[in-house]
Engineer: 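What follows is a structure written as structure tokens; I'll ask about it next.
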Protein chains: 2
Amino acid sequence: MANYLPTLDRVFHCLANSTRRRVLEALSAGPSTMTELAEPGEMAMPSFLQHLQILEEAGLVRSTKNGRVRSYELNPPPLLLADNWLDKQRKHWNICLDQLHHLLTNPESEPEHE
Amino acid sequence: MANYLPTLDRVFHCLANSTRRRVLEALSAGPSTMTELAEPGEMAMPSFLQHLQILEEAGLVRSTKNGRVRSYELNPPPLLLADNWLDKQRKHWNICLDQLHHLLTNPESEPEHE
DNA sequence: AAGATAGTTAGCCATACACCTAAGTATGAG
DNA sequence: CTCATACTTAGGTGTATGGCTAACTATCTT
């Protein structure tokens, strides 16, 4: 229990699946129950549940159970991890693009795309 | 060939691995060769090569070969895909946090963390 | 030409992933 | 009490992932 560890690996792994991204998109509009989240004939429930559990273990989502209904809500903070990583990288892209430009205007070696 | 398809799935999958993230971080400082990128005793070359190929197939990285040396450089555009997705989501987080706040101040149902 | 260097290919292995069906457990409605 | 609803658990399947060793190719260096 308490296996809820938001690591970059886990967070990005969650995002690497369209079903899980769809859930996050849906939850960004507000809390929702399992059956609401599950698109009608898309997937068997147990398979879908697994995705929700993966999301929950990564801390991207929290769930509570009322009676027999479990509802999910977004838990943004872990997403900031991913966001931050990309932010840091993005700062370098500009530099990198400058360098690229420099290389293209001063061709030292022919870029042969083998 | 030309299996270079930057999809959200592929891009996020690349980012879900610390070795691959490290490569991207390294390349954000400028182009580099395979052996430079491979940390000394971290991993066998063929295993490392696989990561580079995964990055290249996702379009995050491009490579050229000069003589026996292959060098890699960052290819930022696909990263923008990931960046954009998170951007869209982030806009909702604020709204979502507001809703959360609203729920916390107007408790309709006890949030029992089962 | 011989040897070192840089990368590549082939093939193996264990574990993780994404899906399924079938059967089980609460819980709410009638 | 009975039945439907809403999940849950158990267990199985095929493919993908992430790692390895061993052996090979191509290119410098001497």
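Order of the sequence lines fixes the chain letters, A, B, ..., with proteins taken first and strands second; residue numbering starts at 1 for each chain.
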Engineer: Enumerate, atom names and distances included, each donor-acceptor pair closer than 3.5 Å involving a side-chain atom of residues 41-50 of chain A, sequence neighbours excluded.
Structural biologist:
residue, atom, partner, partner atom, Å
Glu42(A), OE1, Arg22(A), NH2, 3.1

Engineer: Would one find a side-chain N or O of Arg70(B) under 4.0 angstrom from OP1 or OP2 of dT8(C)?
Structural biologist: yes
Engineer: Between Glu57(A) and Arg10(A), which heavy-atom pair has the shortest distance, and what is it?
Structural biologist: O-NH1, 3.1 Å
Engineer: Between Arg90(A) and Pro76(B), is there a donor-acceptor pair closer than 3.5 Å when you use the side chain of the first and the backbone of the second?
Structural biologist: no
Engineer: For DNA chain D, what residues of residues 14-25 of chain B have any heavy atom nearer than 4.0 Å?
Structural biologist: Asn17(B), Arg20(B)
Engineer: For dT8(D), take OP1 and OP2 only and decide whether either is under 4.0 Å from a side-chain N or O of Lys65(A).
Structural biologist: yes
Engineer: May I have the distance from Leu52(A) (atom CG) to dA18(C) (atom P), rounded to whole angstrom?
Structural biologist: 13 Å
Engineer: Does the Arg70(A) side chain pair with the main chain of Lys65(A), one donor and one acceptor, at a distance under 3.5 Å?
Structural biologist: no
Engineer: Dot-bracket for DNA chain C, please, read 5' to 3', with Watson-Crick or G-U wobble pairs under 3.5 Å on both distances, ( ) within the strand, [ ] crossing, | other strand, . unpaired.
Structural biologist: ||||||||||||||||||||||||||||||
Engineer: Do Arg21(B) and Trp85(A) come within less than 4.5 Å of each other through their side chains, counting heavy atoms only?
Structural biologist: yes
Engineer: Please report, rounded to the nearest Å, how far the C1' atom of dC17(C) is from the CD1 atom of Ile54(A).
Structural biologist: 7 Å
Engineer: Quick one: is dA16(D) close enough that its OP1 or OP2 comes under 4.0 Å of any side-chain N or O from His13(B)?
Structural biologist: no
Engineer: Under 3.5 Å, is there a donor-acceptor pair between the side chain of Asn66(A) and the main chain of Val69(A)?
Structural biologist: no
Engineer: In whole angstrom, what separates Asn66(A)'s CG from dA26(C)'s P?
Structural biologist: 17 Å
Engineer: Closest-nucleotide mapping onto DNA chain D: is Gln50(A) or Gln53(A) further toward the 5' terminus? I mean the 5' end.
Structural biologist: Gln53(A)
Engineer: Whole Å only: how far is the CE atom of Met45(A) from the C1' atom of dT9(D)?
Structural biologist: 14 Å
Engineer: Please give me the minimum heavy-atom distance between Val61(B) and Leu52(B), naming the atom from each residue.
Structural biologist: CG1-O, 4.5 Å
Engineer: Can you find a pair of side-chain heavy atoms, one from Ile54(A) and one from Asn17(A), that are under 4.5 Å apart?
Structural biologist: no
Engineer: Taking OP1 and OP2 of dC20(D), is either one under 4.0 Å from a side-chain nitrogen or oxygen of Ser47(B)?
Structural biologist: yes
Engineer: Respond yes when some side-chain nitrogen or oxygen of Thr35(B) is under 4.0 Å from OP1 or OP2 of dA6(C), and no when none is.
Structural biologist: no
Engineer: From CZ of Arg68(A) over to P of dT27(C), roughly how many Å is that when rounded to an integer?
Structural biologist: 10 Å
Engineer: Does OP1 or OP2 of dC19(C) have a side-chain N or O of His51(A) closer than 4.0 Å?
Structural biologist: yes
Engineer: For the pair made of CE in Met43(A) and P in dA18(C), what is the distance, rounded to whole Å?
Structural biologist: 9 Å
Engineer: Using every non-hydrogen atom in the two residues, find where Leu81(A) and Thr7(A) come nearest and quote the distance to one decimal.
Structural biologist: CD1-C, 4.2 Å
